Amino acid sequence: MNDPIQLLHVGPGAPDLSTSPFGPFVVTALADLDELAQALGGQGCDAIVLQLEAPGGAAALARWTGLSRAVLEAALVVVAPEPEATDALRLMRLGVQEVLPRREAAPETLARVARMAVERKRAERAARKAYATDLATGLPNHAQLMEHMTHLLALREREPAAMAVLAVRLEGLGVAEARLGTESANVLRRKAAVRLRSGLRASDVVASLGGDSFAVLLAWIDDQAAADGVAGKLAQALQRPFNVAGQDMSLAVRVGVGQYPAHGKDADGLLRRALAQAAGAAGAGLGGAAPRGPALGMPAANDED
């Protein structure tokens, strides 16, 4: 059986999709956009059905500051009383998958449209990953990171919100390769990538910059302290020993932070700032380098990765 599609329904009269052949669906009913914003911050979902009541709701939705986050995290379907073609096209250019007139939104139709929207979203993500993936780790590569950052920054010009990019440098991969070979060093990089990914939200992006460097894009942060807190948490996670080829190994970790808009408004500039901080002197703290872990290959507790 397919995994259930997690669907958030915003508005009155959440449909019963329990018997739909396009499911299975797990539907969570939400009252308004405020509840949707809270739900996106606390849980993952595959699809969102947003039912608009007011005749001008589609135009108002295009101005909602949370729209960019919603379309980034899920396949968004909008149901409106009688949507104008211009409003519907504008929403779709902003990332909405489908705009349905209310008269066409019977439960069986809604289930089909939502499922097709989810499949299109998955196909888009797979296509992006196919041409922009670092083969050693399976993560997006530098080009894909820059494309994603540029897209988000363009949205930020219209919907101001803080975001940050972290540069993460690992020291010790060269020693691992010299001691155990290239494949073991690649295993170590993949395990580091898994730890980075597991410590983040679904909307955050982890990318490989090649060699010993990674980048983490925090698409939404509350303030500067939040970015520094994530940087510290990731540094601590990566300093726990890894088990590779029967040996326990530790890496030194350096993390740099570039924040929008405090440190700049273009993708290249923010990433360069984060990389420069990550290359700073050891002992400079989160503004330059995270505290160093044990030397590579020193005895350590077993790793679970």
Side-chain angles (χ1 to χ4, degrees), residues 5-15 25-105 110 113-114 116-118 120-122 124-125 147-164 201-205 217-223 226-227 259-261 265 267:
I5 292 175
Q6 303 294 327
L7 186 147
L8 303 180
H9 182 275
V10 183
F25 291 93
V26 175
V27 179
T28 301
L30 304 172
D32 51 32
L33 292 179
D34 290 338
E35 286 194 8
L36 175 58
Q38 292 178 0
L40 290 175
Q43 68 183 81
C45 67
D46 301 302
I48 301 167
V49 172
L50 180 51
Q51 185 170 320
L52 304 176
E53 294 299 301
L61 178 61
R63 299 189 297 271
W64 179 45
T65 58
L67 182 61
S68 60
R69 182 174 190 177
V71 299
L72 181 66
E73 295 197 11
L76 177 56
V77 175
V78 172
V79 178
E82 288 295 335
E84 294 288 339
T86 53
D87 292 333
L89 289 172
R90 184 183 181 192
L91 287 175
M92 295 183 75
R93 292 189 187 106
L94 293 173
V96 172
Q97 289 282 334
E98 188 70 65
V99 180
L100 280 178
R102 185 187 298 164
R103 65 179 183 276
E104 298 178 12
L110 199 56
V113 170
M116 295 303 103
V118 168
R120 285 196 300 271
K121 192 78 171 178
R122 290 172 177 173
E124 290 169 6
R125 289 170 176 166
E147 178 183 339
H148 194 61
M149 285 182 65
T150 300
H151 175 68
L152 277 181
L153 287 167
L155 291 174
R156 289 296 177 270
E157 292 298 316
R158 183 174 62 87
E159 303 171 3
M163 57 181 277
R201 302 165 299 188
S203 58
D204 298 328
V205 176
L217 177 59
L218 305 177
W220 286 271
I221 57 172
D222 294 327
D223 51 36
Q259 299 200 44
Y260 170 90
K265 295 186 176 182

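When reading the values below, keep in mind they use all heavy atoms of this one structure, side chains included, and skip hydrogens, waters and symmetry mates. From a predicted model like this one, the values you see are computed outputs, not experimental measurements.
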TODO: Measure across Met92 and Val99 and return the closest heavy-atom pair with its distance rounded to 0.1 Å.
DONE: CG-CG2, 4.2 Å

Task: Close side-chain approach of Arg122 and Asp46, heavy atoms under 4.5 Å - done: yes

Open item on the list: When you measure from the side chain of Glu35 to the backbone of Ala31, do you find a donor-acceptor pair of N or O atoms at a distance under 3.5 Å?
Closed with: yes

TODO: Locate the shortest heavy-atom distance separating Val27 from Ala14; write the atom from each residue and the value.
DONE: CG1-CB, 4.4 Å

TODO: Could you tell me whether the side chain of Leu217 reaches within less than 4.5 Å of the side chain of Met163, counting heavy atoms only?
DONE: yes

Open item on the list: Could you tell me if the side chain of Leu67 sits less than 4.5 Å from the side chain of Val96, heavy atoms only?
Closed with: yes

Open item on the list: Quick check: closest heavy atoms across Ala70 and Trp64, and the distance to 0.1 Å?
Closed with: CB-CZ3, 4.2 Å

Open item on the list: I need the minimum non-hydrogen distance between Leu7 and Ala114, along with the two atoms involved.
Closed with: CD1-CB, 3.9 Å

Open item on the list: Can you list everything that forms a side-chain contact (heavy atoms from CB on, under 4.5 Å) with Ala117? Sequence neighbours excluded, please.
Closed with: Ala75, Val77, Gln97, Arg120

- [ ] Could you grab the distance from atom CH2 of Trp220 to atom CG of Leu152, nearest 0.5 Å is fine?
- [x] 6.0 Å

- [ ] Using side-chain hydrogen bond (donor to acceptor under 3.5 Å, both in side chains) as the criterion, list what pairs up with Asp204, not counting sequence neighbours.
- [x] Arg201

Open item on the list: List the residues meeting salt bridge (charged side-chain N to carboxylate O under 4.0 Å, His left out) with Arg103, not counting sequence neighbours, and say none if there are none.
Closed with: Glu82

- [ ] Using the side chain to side chain contact (heavy atoms under 4.5 Å, CB included) rule, take Val118 and Phe25 through it: C-alpha gap first, then chi angles, then the decisive distance, then the call.
- [x] CA-CA 12 Å; Val118 168; Phe25 291 93; over 6 Å; no

TODO: Please tell me if the side chains of Ile221 and Gln259 come closer than 4.5 Å, counting only heavy atoms from C-beta onward.
DONE: yes

Task: Sequence-distant partners of Ser203, side-chain hydrogen bond (donor to acceptor under 3.5 Å, both in side chains), two or more places apart - done: Glu73

Open item on the list: For a quick test of reading the model, state the closest non-hydrogen atom pair linking Leu52 to Ala58 and the distance between them.
Closed with: CD1-N, 3.4 Å

TODO: Could you tell me the separation between the NE2 atom of His148 and the CG atom of Leu153, rounded to the nearest 0.5 Å?
DONE: 10.0 Å

- [ ] Would you confirm whether Lys121, through its side chain, and Leu76, through its main-chain N or O, come within 3.5 Å as a donor-acceptor pair?
- [x] no

- [ ] Considering non-hydrogen atoms only, spot the tightest contact between Pro15 and Leu110 and give its length.
- [x] CG-CD2, 3.7 Å

Open item on the list: Measuring only between side-chain heavy atoms, which start at C-beta, is Leu36 closer than 4.5 Å to Leu33?
Closed with: yes

Open item on the list: Among residues at least two apart in sequence or on other chains, which ones pass side-chain contact (heavy atoms from CB on, under 4.5 Å) with Ala62?
Closed with: Arg90, Leu91, Leu94

Task: Residues forming a side-chain hydrogen bond (donor to acceptor under 3.5 Å, both in side chains) with Glu53, sequence neighbours excluded - done: Gln51

